Amino acid sequence: MIKQLHTIAFTHRNLEVSKIGRLHIEQDAVQSRFQILKERLHIDEIMFLSTCNRVEYFLVTNELVSEAFLIDFFSALYPEFDEEKVTFFAENALIFGKMDAVNHALRVAASIDSLVIGEREIITQVRQAYEQSRDLGLSGDTLRILFRHTIETAKRVYTETKISQKPVSVVSIAYQRLVGIDAPKDARVLAIGSGVTNTAMLRFLKKHGMSNFVIFNRTLEKAQVLAEELGGLAYPLAELKTYKGGFDILVSCTGAEETMVNAELYETLLNGDSAPKITIDLALPSDISEEVHQQFPTRSISIDVLQKISDSHLQERSQEVIHVEQILEEANNEFRNIAKFRAIEVAMRPVPQMVKDIRATAFNEIFKNELDQLDPSSLEILEKVVGYMEKKYMSMPMIMAKEIMFKS
């Protein structure tokens, strides 16, 4: 199991966020693209994780994840890429294999590898990525076991340490600053993007009394789901430039490479309204152009400011990282045992059928004549005795294997 695990990763640590954004794949294309990829490159299981500053692929395969493999990987997954782009991503990927891949998954979900350490959103993003791969039939037993353990470990990290205490989430800090501005409860909220970050921000606003939401997103269906939850309206992103409903608060977080809202579009969205507006830009790179703040009266909450606040809070958490590392080390060792036991379970799968076959042969062939001479009551007792022994024969080897494994 462990030998087949590999991770191909692009994060803020090895690549500019704007370039990472080029690897994003729309929800409605995930299944078809990754199914083709699995077949072409002999990948048994795969999971795709895409956030504002991270794109990762978790693989289960017997293939060697070499430079040639990466070239084939990105060529098959992104047919729109030319040779130069394929080579660029193949050369800049971070590769983790075996237990390094396990450790990396644990660190990602525990937020130790995040741009903002202690960011709780990542555990949700990891869980949703796994659930998507499972529901689309892209993952199987190995990734199920890995990410069940990963999510359980992340929950333990957040429960047993203070790594997530005091606002470090850009969303929670943004909300606190919004409260400081004293935004009215009836404010018109215009949101661009319905990913995890924007969803969390809008839920904050909903929870604290706001109810007037309009959401624009590339994938309309995703925006509609969020809008229904919030009691708002949803539109495709292409219709943003013609929207005339106005706004009081503009919230944006997309994975776009370029600025989403320039001065021209902002003026269109104002629809003649000259009152100061609140802008909350949670994207990296920024979705809202600097010229907007230069040309219009805005009270801006930007990712840069939020990051500085977060960094000051993180200094107070530095000692907690040591505790988290201890938990992750324990989790790594636990997964080794989990993998060993699972390998034993898989190897022992034929045992129940073998026992049933032995029973059938004994009853239907070897002792058939003797059994035919038994009265119904005696035969019933014999059936119960053999059935009891059959269950014990199937369970005892697993119990003994588990005891031997944990003693070794």
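FYI, the numbering just counts along the sequence from 1. On a predicted model such as this, the values are computed, not experimentally measured, just so you know.
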Counterpart residues, salt bridge (Lys or Arg N to Asp or Glu O under 4.0 Å), relative to Glu290 (two or more places apart): none
Near-ring test Phe58/Phe147, centroid separation under 6.0 angstrom: yes
Measure across Ala109 and Ala154 and return the closest heavy-atom pair with its distance rounded to 0.1 Å. O-CB, 3.5 Å
Is Lys384 atom NZ crowded by more than 12 heavy atoms from other residues, nucleotides or ligands, each under 6.0 Å away? no
To check you understand the geometry: which heavy-atom pair defines the closest contact between Ala187 and Asn212, and what is its length? O-CB, 3.6 Å
Determine whether Asn62 and Gln4 satisfy the following criterion, side-chain hydrogen bond (donor to acceptor under 3.5 Å, both in side chains), listing intermediate values before the conclusion. CA-CA 5 Å; Asn62 286 315; Gln4 295 177 302; 3.0 Å; yes
What distance separates Phe69 CZ from Glu63 CD, expressed to the nearest 0.5 Å? 6.5 Å
Under the 3.5 angstrom rule, does the side chain of Asp281 hit a backbone N or O of Ile288 as a donor-acceptor pair? yes
Step by step, would you call Phe81 with Phe89 a ring pair (Phe, Tyr, Trp, His ring centres under 6.0 Å)? CA-CA 10 Å; Phe81 282 6; Phe89 285 110; 5.6 Å; yes
Excluding sequence neighbours, so at least two apart, what forms side chain to side chain donor-acceptor pair (under 3.5 Å) with Glu16? Lys19
Taking ring-ring contact (aromatic ring centres under 6.0 Å, His included) as the criterion, tell me which of Phe48, Phe73, Tyr78 meets it with Phe34. Phe48
Is any side-chain heavy atom of Thr61 closer than 4.5 Å to a side-chain heavy atom of Leu41? no
Kindly say whether Ile278 contributes a backbone atom to a donor-acceptor pair with the side chain of Arg299 at under 3.5 angstrom? no
Counting only heavy atoms not in Glu334, do more than 12 fall under 6.0 Å of its CD? yes
Just by modelled atom types, is the Ala360 backbone N or O under 3.5 Å from a matching donor or acceptor in the Asn364 side chain? yes
Answer with yes or no after comparing the ring centroid distance for His208 and Tyr175 against a 6.0 Å cut-off, counting only values under it. yes
Could you walk me through whether Val108 and Ile122 pass the side chain to side chain contact (heavy atoms under 4.5 Å, CB included) check? CA-CA 7 Å; Val108 169; Ile122 189 62; 4.0 Å; yes
Residues at least two apart in sequence or cross-chain that pass side chain to side chain donor-acceptor pair (under 3.5 Å) with Thr51, listed by chain then number, are none
Under 3.5 Å, is there a donor-acceptor pair between the side chain of Thr199 and the main chain of Ser194? yes
Run the side chain to side chain donor-acceptor pair (under 3.5 Å) test against Glu267 and tell me which residues pass, sequence neighbours left out. none
Rounded at 0.5 Å granularity, tell me how far NZ in Lys155 sits from CD1 in Ile123. 6.5 Å
Under the salt bridge (Lys or Arg N to Asp or Glu O under 4.0 Å) definition, can you give me all pairs with a residue in residues 240-254, not counting sequence neighbours? Arg188-Asp248, Asp248-Lys277
Taking atom CD of Gln128 as the centre, report whether more than 12 heavy atoms of other residues, nucleotides or ligands fall under 6.0 Å from it. yes
Is there a donor-acceptor pair closer than 3.5 Å between any side-chain N or O of Thr11 and the backbone N or O of Arg13? yes
One should read off an interatomic distance between Leu5 CG and Lys98 NZ, to the nearest 0.5 angstrom, of 11.0 Å
Keeping to residues at least two apart or across chains, list the salt bridge (Lys or Arg N to Asp or Glu O under 4.0 Å) pairs with something in residues 199-227. Arg203-Glu229
Please check if the side chain of Asn198 supplies one atom and the backbone of Ile192 the other of a donor-acceptor pair under 3.5 Å. yes
If we ignore hydrogens and angles and just use 3.5 Å, is the side chain of Thr161 paired with the main-chain N or O of Tyr158 as donor and acceptor? no
All heavy atoms of Ala183 vs all of Ile249, minimum pair found to be CB-CD1, 4.0 Å
Could you state the interatomic distance from CG (Asp304) to OG (Ser286), rounded to the nearest 0.5 Å? 5.5 Å
Intermediate values then yes/no, salt bridge (charged side-chain N to carboxylate O under 4.0 Å, His left out), Asp44 and Lys38: CA-CA 7 Å; Asp44 298 319; Lys38 285 180 65 179; over 6 Å; no
Could you name each residue pair satisfying ring-ring contact (aromatic ring centres under 6.0 Å, His included) that touches residues 182-201, not counting sequence neighbours? none
Verify, without hydrogens or angle tests, whether Glu56 (side chain) and Leu49 (backbone) share a donor-acceptor contact under 3.5 angstrom. no
Only counting residues at least two apart or in another chain, list the ones meeting salt bridge (Lys or Arg N to Asp or Glu O under 4.0 Å) with Arg107. Glu325
Closest approach of Ile280 to Ala174 (non-hydrogen atoms, all atoms of both residues): CG2-CB, 4.2 Å
Gly193 versus Asn217, closest heavy-atom pair with distance: CA-OD1, 3.5 Å
How close do Ser50 and Val55 get, counting heavy atoms only, and between which atoms? OG-CG2, 3.8 Å
Looking at residues at least two apart in the chain, or sitting in another chain, which of them share a salt bridge (Lys or Arg N to Asp or Glu O under 4.0 Å) with Arg359? Glu383, Glu390
Return yes if a side-chain donor-acceptor contact under 3.5 Å exists between Gln27 and Gln132, otherwise no. yes
Enter the distance from Ile301:CD1 to Leu250:CG here, rounded to the nearest 0.5 Å. 11.5 Å
Apply the test salt bridge (charged side-chain N to carboxylate O under 4.0 Å, His left out) to residues Glu330 and Arg156: give CA-CA distance (whole Å), side-chain angles for both, the deciding distance (0.1 Å), then the verdict. CA-CA 11 Å; Glu330 292 175 13; Arg156 182 185 169 194; 2.8 Å; yes
If we ignore hydrogens and angles and just use 3.5 Å, is the side chain of Glu121 paired with the main-chain N or O of Thr197 as donor and acceptor? no
Is it the case that over 12 heavy atoms from other parts of the model lie below 6.0 angstrom from the CD atom of Glu83? no
Glu131 meets the salt bridge (Lys or Arg N to Asp or Glu O under 4.0 Å) criterion, sequence neighbours left out, with Arg127
According to side chain to side chain donor-acceptor pair (under 3.5 Å), does anything in residues 136-151 pair up with another residue at least two apart or in another chain? List the pairs. Ser133-Ser139, Asp141-Arg144, Asp141-Arg342
Short question: side chain of Asn14, backbone of Phe10 - any donor-acceptor pair under 3.5 Å? no
Neighbour count above 12 (heavy atom, 6.0 Å) for Gln35 CD: yes
Carefully, step by step, assess Thr7 and His104 under the rule side-chain hydrogen bond (donor to acceptor under 3.5 Å, both in side chains). CA-CA 8 Å; Thr7 303; His104 178 71; 5.7 Å; no
Residues passing the side chain to side chain contact (heavy atoms under 4.5 Å, CB included) test with Asn333, sequence neighbours excluded, are Glu329, Arg336
Looking at CD1 of Ile366 and OG1 of Thr361, how far apart are the two atoms once the value is rounded to the nearest 0.5 Å? 6.5 Å
